[in-house]
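Chain letters run A, B, ... following the sequence lines, proteins first and then strands; every chain starts at 1.
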2 protein chains.
Amino acid sequence: MEKKQLTDRQEKILSFIQQFQQESGYPPTLREIGKHFGISSTFGVKRHLDALVKKGYLNILGNASRGISINKDELFNPEPINISEKESNKIPIIGRVAAGSPILAEENIEGSVLIDQTFLKKSDNYFALKVKGDSMIDAGIFDGDLVIVSPQVYANNGDIIVARISDEVTVKIYEFKNQVVKLIPQNKDYKPIVVENKEEFSIVGKVTGVLRWLN
Amino acid sequence: MEKKQLTDRQEKILSFIQQFQQESGYPPTLREIGKHFGISSTFGVKRHLDALVKKGYLNILGNASRGISINKDELFNPEPINISEKESNKIPIIGRVAAGSPILAEENIEGSVLIDQTFLKKSDNYFALKVKGDSMIDAGIFDGDLVIVSPQVYANNGDIIVARISDEVTVKIYEFKNQVVKLIPQNKDYKPIVVENKEEFSIVGKVTGVLRWLN
DNA sequence: AAAAATAGTGTTCATTTGTTCACCACAAAT
DNA sequence: ATTTGTGGTGAACAAATGAACACTATTTTT
């Protein structure tokens, strides 16, 4: 599909919105945009946004404050020639998790791996975890595989998650039914783990990718 | 810092905010949260949010609409680190292979993916192939996975290879015994392929990696 | 030369939205 | 017995915010 050309101003505004969103966690208001560019009237700003919507770069929810969302498909790099930093992302690899330490404590970090930017949502602070054991082989996750994890504290039934039980970190399928959390392995030889003590259980993140290297 | 325990309600609300944010591109308002949970008063919602702030899960910008941002935690890494070209390698992704054409003909190239340099030997002309079918699921290679292939014309018994039979490209395990080449799938529902016509068979390369993305 | 797109100011208005208060109810801890 | 934390209703209010209009000016396209 043809991408419509943006004016200089529009491009700067789009890029500001993107940055604001990333740094704040929410989109800017018309006035916040205006202030940054020295545009005193909200109307002036709004017309820029309307133009960006028309050209397919933004979606705007009417009458809602900060109701701006960036169209990620369209936002794709306009000039995709060089493999610059923007296309790639280095994420830390977690090896053994020391008892009681935060997952990403320095002592746990074993290295880092480069993941193609197209796989990563910008907002997330992904990390990679080296899988130990074969409890997930039926889900195609083998011993030694690297799973790419998007940190989040909740999960939906059926998600492959990384969970923490006391000081153990494990990869399983999440199920919450009848007020009971179960961690379901994907291997006939293993039985589901029923979480008894909610105090000692927490969801670390969701598995969004698997990377395996042979030899 | 130890994370404080969330109540059931608080956890669900945190969940909702995170999901809303991810789907909409901006955080919900108090009323939107309330509506979803059947809480008619914004005050009821606000107190949940205040509790989540107090426990360190959220940040709230006062007097700003949708001014909610989720705390990416001290546990979780601050920022993904951008890296330079030298550490990375871009390899082409092969989609459908047109009949009779060389694998790496331009018409077959569907895109490209960055792979961490540490996985790649400099000399090789790696490419990636999108797997179709489930004949290798027992080897942890699923439909839609991307296999990273190092081009080579020889293989050892047991290697996972990409082979070409007439105009079909397939991923299988290689076996050469008693002057007969067999391509062995890793799925009980499939039978080994015995190569009858050596003229039409060739080894394209060896699978050195598997990359899968979920969602 | 005329039309269209871009870029902006200032003002007004209607909604959206966060904040606060008084009050109720229940369970767990002190 | 009393406090504390949780979970809620309903109303009232002020601030934040998007939408709209009239008017100006410059650049680009037709």
Side-chain angles (χ1 to χ4, degrees), chain A residues 2-17 20-21 23-71 78 153-154 179 197-199, chain B residues 2-17 20-21 24-71:
Chain A
E2 172 121 23
K3 230 150 288 167
K4 282 175 191 155
Q5 193 61 36
L6 291 184
T7 66
D8 221 49
R9 201 65 163 162
Q10 284 162 5
E11 199 168 319
K12 274 175 187 148
I13 287 175
L14 179 59
S15 136
F16 171 73
I17 292 170
F20 188 103
Q21 164 72 270
E23 284 167 15
S24 316
Y26 38 82
T29 64
L30 296 185
R31 283 171 182 82
E32 281 164 347
I33 298 170
K35 193 180 172 192
H36 183 264
F37 289 97
I39 302 172
S40 67
S41 170
T42 56
F43 188 54
V45 175
K46 183 165 170 44
R47 271 219 314 260
H48 284 303
L49 299 193
D50 288 343
L52 285 166
V53 169
K54 204 173 165 189
K55 290 178 180 176
Y57 289 80
L58 288 183
N59 289 320
I60 289 187
L61 182 65
N63 280 319
S65 61
R66 303 178 195 273
I68 305 171
S69 60
I70 295 173
N71 240 333
V153 292
Y154 76 97
Q179 303 301 309
N197 189 349
K198 281 200 176 180
E199 309 285 317
Chain B
E2 191 68 35
K3 272 276 159 105
K4 282 173 192 155
Q5 191 63 31
L6 292 184
T7 66
D8 225 49
R9 200 64 162 161
Q10 286 163 2
E11 200 168 319
K12 273 175 186 151
I13 287 175
L14 180 60
S15 249
F16 173 72
I17 293 170
F20 188 105
Q21 163 73 268
S24 315
Y26 38 82
T29 63
L30 296 185
R31 283 171 183 84
E32 280 163 349
I33 298 169
K35 193 180 172 191
H36 183 264
F37 289 98
I39 301 172
S40 68
S41 171
T42 55
F43 188 52
V45 175
K46 183 163 170 42
R47 272 218 312 257
H48 284 303
L49 299 192
D50 288 343
L52 285 166
V53 170
K54 204 171 164 191
K55 290 179 180 175
Y57 288 81
L58 289 183
N59 287 322
I60 289 187
L61 182 65
N63 281 318
S65 60
R66 302 179 195 271
I68 305 169
S69 60
I70 293 171
N71 233 335

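- B:Gly34 comes within 4.0 angstrom of no nucleic acid atom, judged by non-hydrogen atoms across all strands.
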Under 3.5 Å, which protein N or O atoms sit close to an N or O of nucleotides 12-17 of chain C? Give each pair with its distance.
| from | atom 1 | to | atom 2 | distance (Å) |
| --- | --- | --- | --- | --- |
| C:dT17 | OP1 | A:Ser65 | N | 3.4 |
| C:dT17 | OP1 | B:Arg66 | NH2 | 2.7 |

Inset, instruction - Show the numbers, then the answer: is there a side chain to side chain contact (heavy atoms under 4.5 Å, CB included) between B:Ile33 and B:His48? - result: CA-CA 10 Å; B:Ile33 298 169; B:His48 284 303; over 6 Å; no
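- If one axis is set at each end of the helix from C:dA1-D:dT30 to C:dT30-D:dA1 from five pairs, those axes are 30° apart, to 10°.
- Here A:His48 does not reach the OP1 or OP2 of C:dT6: none of its side-chain N or O atoms lies under 4.0 Å away.
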Inset, instruction - Quick one, give me the B/S/- string for nucleotides 21-30 of chain C, reading 5' to 3', where B means a protein heavy atom under 4.0 Å from the base and S means that only happens at the primed atoms, P, OP1 or OP2. - result: BB--------
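- Look at B:Lys46 and you'll find a side-chain N or O under 4.0 angstrom from OP1 or OP2 of C:dT19.
- Ring pair A:Phe37/A:Phe16 is perpendicular by interplanar angle, where above 60° counts as perpendicular and below 30° as parallel.
- At a threshold of 4.0 Å, the pair A:Asp50-A:Lys46 counts as salt-bridged, since one of the basic side-chain nitrogens sits closer than that to a carboxylate oxygen.
- Atom-to-atom, CD1 of A:Ile60 to P of D:dG18 comes out at 9 Å; the value is rounded to the nearest Å.
- Close to D:dG5, at under 4.0 Å from its OP1 or OP2, lies no side-chain N or O of B:Gln10.
- Distance CG (A:Leu61) to P (D:dA19): 9 Å, rounded to an integer number of Å.
- Between the side chain of B:Arg66 and the backbone N or O of A:Ser65 there is at least one donor-acceptor pair closer than 3.5 Å.
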